[in-house]
Number of protein chains: 2
Amino acid sequence: MFKFAARKTFGLTKDTTTEKKIKEAAKAVFYSKGFEGCSSREIAQAAGLNVALVNYYFRSKNKLFQEIFSEALDEFIGSMVQIFQTELSLIEKLTIFIEKEFDFLARHPELPNFIINETNRDENCAIDESKYFNKVRETGIFEQMKLAQSKDEMIEIDIASVILLILSNCQYPVMSKNFMQSIMPIPNEQYALLLQAHKAHVIEMLVNYLFKTKI
Amino acid sequence: MFKFAARKTFGLTKDTTTEKKIKEAAKAVFYSKGFEGCSSREIAQAAGLNVALVNYYFRSKNKLFQEIFSEALDEFIGSMVQIFQTELSLIEKLTIFIEKEFDFLARHPELPNFIINETNRDENCAIDESKYFNKVRETGIFEQMKLAQSKDEMIEIDIASVILLILSNCQYPVMSKNFMQSIMPIPNEQYALLLQAHKAHVIEMLVNYLFKTKI
DNA sequence: AACTATATTAAACAAATGTTTAAAACACGG
DNA sequence: CCGTGTTTTAAACATTTGTTTAATATAGTT
């Protein structure tokens, strides 16, 4: 079928520096501009090499994107799972998760917008629904919540709603920075400070609302 | 300069049905696919006419987009202002705003993602920062909040944080529908129900957190 | 050094893009 | 019904796009 198959299909995938360079460049460009917002040539140029080479390693813009996107999702869900599977109490898990999420997003502010946005572009987002769901489920977080609810330590609320509450309050403030700055006069440094203060509000608000046993 | 100026530059802008058709089509296409995600021809086709005609009326894809985008923002801020400038108490304003916002977003679910996303694409978003800020400021909502805080009816919190809390919890659940559905098995009808229940949680959580005088 | 498999490049390709041209269709007052 | 201004169209234009080709460079093995 393919006279020139991509490099990956052959054996020994020694971690060429070139492949990494392309992936890093693609990641940066895709994150900030989205799939449709950039060209293959732009990625190649960002990596400091030829257009043909990116297709030589990744076969097509689509293939390359899917690899980047799926890794972004892995990273994203992974950080969630990592905390859920500890032996902490729900309140501690919630607090630590929000703390870490704010810090993580301060370093990768384009990520949530990238993921939400590309997920809405029905194409290319052939996500394995059950894969991530199972990963989260296996942490036992759902049982832990149900138990807390039955012991009347936590309010009656759909687990999906809890996830929504958490992600809403962690991600939206980062995603909407430019929008917020265009309707309110907030310089960049001040927005960073705002986010720090906001984090404390979010933690207190969510803990107080979800749990009946106040600390 | 222009041998063929756009129609609008001449006098009498009688509301041609054609111009409206183009705008409606452009709105639908831009909202769901974004500026970079669609072509001029796609818009023309959606309006059922020629490509040249959309440029005849709007000069360029960019010009057309900016008109759509700025109207979207007007609509968005307008609905906010409309509630702020009533004579209700803060708690009532907050409750009604969230109610209305959830209903509005149920009808226009693409809008928040569209606005956030295009605002992040630094180009084309030459928003008049002060214009919208003044509109909101003129409602007196800031003074009302400061007064409530001084009377110890409301917690000490930055006004920007309050706006963030509200928008986060109203918009993110709508924007992230596809993402949520790809990490949790939630069919469409169930997601609508989830949103209804979520709205009640958001109202109760925000009212309880922001205001000290419980109802 | 010659052979071979892999890496890299410049050039080409067809399709799609935003925009413009020039001509046709339309409306309508004289 | 002719003339004039507006609306609509098909076709062209120059660029850019994703992808492929074919040729060159770079190693590594015998």
Side-chain angles (χ1 to χ4, degrees), chain A residues 1-26 29-30 32-69 118 121 123-124, chain B residues 1-26 29-30 32-69 118 121 123-124:
Chain A
M1 205 63 182
F2 299 97
K3 284 197 227 161
F4 286 72
R7 191 187 168 283
K8 288 284 282 293
T9 55
F10 297 137
L12 54 151
T13 311
K14 59 168 178 162
D15 235 348
T16 330
T17 175
T18 313
E19 184 170 350
K20 252 188 202 158
K21 263 199 290 183
I22 297 178
K23 222 165 179 174
E24 283 307 307
V29 176
F30 278 144
S32 74
K33 305 209 178 184
F35 178 77
E36 329 229 42
C38 70
S39 68
S40 307
R41 280 166 179 83
E42 191 175 350
I43 293 172
Q45 197 174 346
L49 35 79
N50 202 289
V51 207
L53 206 50
V54 24
N55 277 345
Y56 173 70
Y57 277 91
F58 295 92
R59 276 250 272 286
S60 74
K61 189 191 177 190
N62 250 287
K63 265 273 184 197
L64 172 55
F65 175 81
Q66 271 165 2
E67 220 161 294
I68 301 285
F69 180 74
E118 299 298 337
R121 255 188 50 239
E123 324 170 56
N124 292 98
Chain B
M1 206 62 183
F2 298 99
K3 284 198 230 160
F4 286 72
R7 190 187 167 285
K8 286 287 279 295
T9 55
F10 298 139
L12 54 151
T13 311
K14 58 167 178 164
D15 235 348
T16 329
T17 176
T18 314
E19 183 170 352
K20 252 187 202 159
K21 262 199 292 184
I22 297 178
K23 221 164 179 175
E24 282 308 306
V29 176
F30 278 144
S32 74
K33 306 209 177 186
F35 178 77
E36 331 229 41
C38 70
S39 68
S40 307
R41 281 168 179 83
E42 192 175 349
I43 293 172
Q45 196 173 347
L49 36 79
N50 203 289
V51 208
L53 206 50
V54 24
N55 276 344
Y56 174 69
Y57 277 90
F58 295 92
R59 278 250 273 284
S60 74
K61 189 191 176 190
N62 249 287
K63 265 274 183 195
L64 172 56
F65 175 81
Q66 272 166 1
E67 221 160 295
I68 301 284
F69 180 74
E118 299 298 338
R121 254 189 50 238
E123 324 170 56
N124 293 99

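By convention in this document, chain letters (A, B, ...) are assigned in the order of the sequence lines, proteins followed by strands, and residues within each chain are numbered from 1. Every heavy atom of this structure was used, including side-chain atoms; hydrogens, water molecules and symmetry mates were not.
A donor-acceptor contact under 3.5 Å links the side chain of A/R41 to the base of D/dT19.
Minimum atom distance to the side chain of A/Y56 is reached by C/dA7, of the listed C/dA7, D/dT7, D/dT19. Residue B/L53 has its side chain nearest to D/dT9 when only C/dT8, D/dT17, D/dT9 are considered.
Neither OP1 nor OP2 of D/dT7 sits under 4.0 Å from any side-chain N or O of B/T18. When the side-chain nitrogen and oxygen atoms of B/S40 are compared with OP1 and OP2 of C/dG18, one or more of them lie within a distance under 4.0 Å. Under 4.0 angstrom from either OP1 or OP2 of D/dT8 there lies at least one side-chain N or O belonging to B/Y57. Between A/N55 and D/dG18, a side-chain N or O to OP1/OP2 separation shorter than 4.0 Å is absent.
Remark: P of C/dG18 and CD of B/Q45 are 13 Å apart, rounded to the nearest angstrom. What separates CD1 of B/I43 from P of C/dA16 is a distance of 17 Å, to the nearest Å. Atom pair B/F35:CZ and C/dT17:P shows a separation of 13 Å (rounding to whole Å applied). The CG-P distance, from A/L49 to C/dT9, rounds to 6 Å in whole Å. In this structure, B/K33 places its NZ atom 10 Å from P of C/dT17, rounding to the nearest Å. Distance CD (A/E19) to C1' (C/dT6): 13 Å, rounded to an integer number of Å. As a whole-Å value, the separation of B/K61 NZ from C/dA16 P is 15 Å. Remark: C1' of D/dT20 and CZ of A/F58 are 18 Å apart, rounded to the nearest angstrom.
One finds the CZ atom of A/F58 at 5.5 Å from the NZ atom of A/K23 (value rounded to the nearest 0.5 Å). Between atom CG of residue B/L49 and atom OH of residue B/Y56 there is a gap of 13.0 Å, rounded to the nearest 0.5 Å.
Between the A/K61 side chain and the A/V54 main chain, no donor and acceptor come within less than 3.5 Å of each other.
Residues B/F30 and B/I43 form a side-chain contact, since some pair of their non-hydrogen atoms from C-beta on lies under 4.5 Å apart.
Salt bridge B/K33/B/E42: present, at least one basic N to carboxylate O contact under 4.0 Å.
The residue among A/A52 and B/N50 whose nearest nucleotide of DNA chain C is located toward the 5' end is A/A52.
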